[in-house]
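Working notes for the structure below.
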Amino acid sequence: MSDNSAVKPVKIKEYNWKDVNPLIVGMESLFDLVRLVDPQECREISVNNDNGMISYGNKCYSVWNADHRCSNCTSLLACRTLKKKDRLEFFDGNKYQIQSVPLIINLADGTRYSCNMEMINIAPVSDDPQNMGNDKDSIETAGYLSTHDTLTGVLNGDGFCQTARELMSFYPDENWLIISVDIQNFKLVNSLFGIEKGDEILVEAGAVFSELSGRKGCTGRFGGDRFAILIPYRADIEEILIEGIKKIKSLIDGATYRLTLHAGIYQVNTQDLAISIMFDRAHMALQTIRTNREKVIAWFDESMLQNALHEQEVISNFEDNLRSGQFVIYLQPQINLDNRIIGAECLVRWILPDGQMVPPYEFIGILEKSDLIASLDRYVWELAIEQLDSWKDSEFADLYLSINVSPLDFYHINIASTIIDLCDKYNVPYEKLHVEITETAVADETLDNNEIIEYMQNKGFTIEIDDFGKGSSSLSLLKDLRSDVLKIDMGFLRKTRNNERGTIILSSVIDMAKNLGMGVITEGVETKIQLDSLVNLGCTVFQGYYFSKPVPVKDFEKMVRDNKMADNKQKQI
Ligand code: C2E
Ligand code: MG
Ligand code: MG
């Protein structure tokens, strides 16, 4: 049972692998039996003192001489609910008082491994005759339903993990592949073609993958549209997978919608890993191509694991790092036609304790995948507003600051009231703040973002559409949205091969913005030639390395002073 790909950290007790065996020894004086189990695979496990990894032992139920799993296993319940469970089970003339506690073990290779510790007391049932036979939780036949998916007839998640482990133990010399397959946008299939068609596709997928996994392998459905396949290694695996996928795709032959499936493959190189961790790895590979229409299959490689571990680390240490002041703002000046600095964009920087600086693209995306981005943004907005507060009555009092809003913030917090409350807290006028919102946020019709934007405009904030032109809906969104400023990134022009066409587009966008009563800021200005041509096209505010990179606040203040001095000199001449 793994926690490897989980984005939300689970608040259950964590132990370093070295501490686990001493803990068990300590508990053994209090109970008849203390053991670690992986309830999903229904296996006893142990921490190997030599390599700090997990070894798999007997089936859990072998301890009560049973030949099948308990259908309402105490540990499975504890692991599903992430809570300690304390229950009485009866079997074979004995009464078992089972306490099961979920925990995470930090293994030697950095994997966070979720499992359960069971503490069991055993007594003959005759000790307590009134309980005999009338306990609902007594062990009963597991049955087909607990291991199979009723719709497709393939195994369910638990069934897959158990069967895959059994097959691997039965054929120890095979090289194994674990494959994760998932249908993109399956919800859309249901709403476009109906639930019956959706079911037909899932059933066909189950049949195709079962045929593919063959006699030595197995297939499972992990809920929804996620399938898992265990199959002995074969060189032509990609071809047969693509054949199978084609068969499933042929069920929808519409002109308006094309079924897209992706597969991630993990080649098993050690059996000392939980099946679900192996499946996570296959799925991790799949996620690298999820949005790619051309690439259907991706193989797991270790670098993906490093990325996942890195993401986990960024997420789990984020709140502490934020509190300890590791996130700061850098300012990048915005310049007008008179070459005067009129304001700046606040860009977050993560400064590690050793002084190393981490750029936003290395952590913003990770924080956006969890719900932490809103905490970061709120923090950065407050830094910006504090800065404006400290500039009151100073030589910097006429400057504005521009803050970034992630499209994901709209889901997590009330942006308008958060920013307004912060401005009120420091008594900073709303006009001093520019708010940069990306196109994607504005284009998302499921949210009432336009209303929020209009509300903020009416309060006096300047609203800017950041990175205009990078998204796909740029022009259509201007129809309904009244932003104050379009912020065009030169980067998107740099990527086009044809400069002349780029300039025509830029010129039209600037004209259009003006006709709609909007201002234009061009960012990413790197050369004098670019600046001159932007001035000719009618652009009036600029930002980019040609003037300055984003710099610490103190350096920015010095820049503003120098800029004013130069300006004064100019005037004197
Ligand atoms: P952005 O808001 O479009 O910010 C402009 C980015 O372009 C900045 O990168 C800036 O350093 C870079 N840049 C400025 N001038 C030039 C130039 O002349 N040439 C080139 N090649 N690049 C230039 P940075 O600081 O790495 O930020 C990247 C992105 O990260 C930002 O894009 C923004 O989307 C995001 N970001 C930064 N700070 C925050 C924040 O506090 N909150 C959120 N949600 N996102 C942020
Ligand atoms: Mg920006
Ligand atoms: Mg931008």
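As the structure lists them, so they are numbered: ligands from 1, and atoms in each ligand from 1.
A donor-acceptor contact shorter than 3.5 Å links the side chain of K432 to the backbone of A397.
In this structure, N269 CG and Q267 CD are separated by 7.5 Å, a value rounded to the nearest 0.5 Å. The CD atom of Q543 sits 12.5 Å away from atom CD1 of I488, with the distance rounded to the nearest 0.5 Å. The distance from atom OG1 of T527 to atom OH of Y546, rounded to the nearest 0.5 Å, is 8.5 Å. Note that NE2 of H310 and OG of S303 are 13.0 Å apart. Values are rounded to the nearest 0.5 Å. Here CH2 of W350 is found 10.5 Å from CD of Q356. Values are rounded to the nearest 0.5 Å.
For ligand 1, the polar-atom distance check against E368 finds no nitrogen or oxygen pair separated by under 3.5 Å. The shortest N/O to N/O separation between D409 and ligand 1 does not fall below 3.5 Å. Residue contacts with ligand 1: V348 is placed with a nitrogen or oxygen under 3.5 Å of a nitrogen or oxygen of the ligand (distance criterion only).
Contacts of V380 with ligand 1, taken as heavy-atom pairs under 4.0 Å, involve the side chain alone. Contact annotation for K487 and ligand 1: no heavy atom of the residue comes within less than 4.0 Å of the ligand. Using a 4.0 Å cut-off between heavy atoms, E345 contacts ligand 1 through its side chain alone, with no backbone atom that close. Contact annotation for I403 and ligand 1: no heavy atom of the residue comes within less than 4.0 Å of the ligand. Under 4.0 angstrom from ligand 1, there are no non-hydrogen atoms of Q543. Under 4.0 Å from ligand 1, not a single heavy atom of M490 appears. Neither the backbone nor the side chain of L376 has any atom closer than 4.0 Å to an atom of ligand 1 (non-hydrogen atoms only).
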Applying ring pair (Phe, Tyr, Trp, His ring centres under 6.0 Å) to Y455 and F461, what does each step give before you reach the verdict?
CA-CA 9 Å; Y455 175 74; F461 295 97; 9.0 Å; no
Could you go through V358 and F363, starting from their C-alpha distance and side-chain angles, then the distance that decides it, and tell me whether this counts as side-chain contact (heavy atoms from CB on, under 4.5 Å)?
CA-CA 8 Å; V358 188; F363 58 90; 3.9 Å; yes
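A donor-acceptor contact closer than 3.5 angstrom is absent between the side chains of D225 and Q184. No side-chain donor-acceptor contact under 3.5 Å links H434 and S402. Y426 and E382 share a donor-acceptor pair across their side chains, judged by distance under 3.5 Å alone. Side-chain N/O atoms of E431 and Y400 include no donor and acceptor closer than 3.5 Å.
Distances below 4.0 Å separate heavy atoms of P550 from the following atoms of ligand 1: 11 (O). The distance from ligand 1 to the heavy atoms of E523 drops below 4.0 Å at these ligand atoms: 3 (O), 4 (O), 5 (C). Atom numbering of ligand 1 starts at 1 in the shown order; those under 4.0 Å from a heavy atom of Q332 are 10 (C), 14 (C), 15 (N). Contact atoms of ligand 1 toward S406: 44 (N) (distance under 4.0 Å to a heavy atom of the residue). Set against the non-hydrogen atoms of E526, the atoms of ligand 1 under 4.0 Å away are 17 (C), 18 (O), 19 (N), 20 (C), 21 (N). Ligand-side atoms of ligand 1 in range of D467: 3 (O), range being under 4.0 angstrom from any heavy atom. Numbered from 1 in the order shown, with element, the atoms of ligand 1 that lie under 4.0 Å from a heavy atom of V525 read 18 (O).
Counting non-hydrogen atoms of neighbouring residues, nucleotides and ligands closer than 6.0 angstrom, the CD1 atom of I529 reaches no more than 12 such neighbours. When the shell of 6.0 Å around CG of D393 is examined, it contains 12 or fewer heavy atoms from other residues, nucleotides or ligands. Counting heavy atoms of neighbouring residues, nucleotides and ligands inside a 6.0 Å radius, atom NZ of K392 exceeds 12 of them.
Within D466, the N, O or S atom lying nearest to the Mg ion (ligand 2) carries the name OD2. Sorting the N, O or S atoms of E345 by how far they are from the Mg ion (ligand 2) puts OE2 first. Here the N, O or S atom of E436 that is nearest to the Mg ion (ligand 2) is OE1.
Residue side and main chain included, D467 places no N/O/S atom under 2.8 Å of the Mg ion (ligand 2). The Mg ion (ligand 2) does not have E464 among its coordinating residues (no N/O/S atom, backbone or side chain, under 2.8 Å). Residue contacts to the Mg ion (ligand 2): S402 brings no N, O or S atom closer than 2.8 Å. Among the atoms of E523, no N, O or S atom falls under 2.8 Å of the Mg ion (ligand 2).
Across the listed options G524, S548, P360, C346, P360 owns the non-hydrogen atom lying nearest to atom 24 (P) of ligand 1. Counting heavy atoms only, L347 comes closest to atom 4 (O) of ligand 1 of the residues L408, L383, I329, L347.
Side-chain contact between I104 and Y113 is absent, with no heavy atoms from C-beta onward closer than 4.5 Å.
Between D466 and ligand 1 there is a heavy-atom distance shorter than 4.0 Å.
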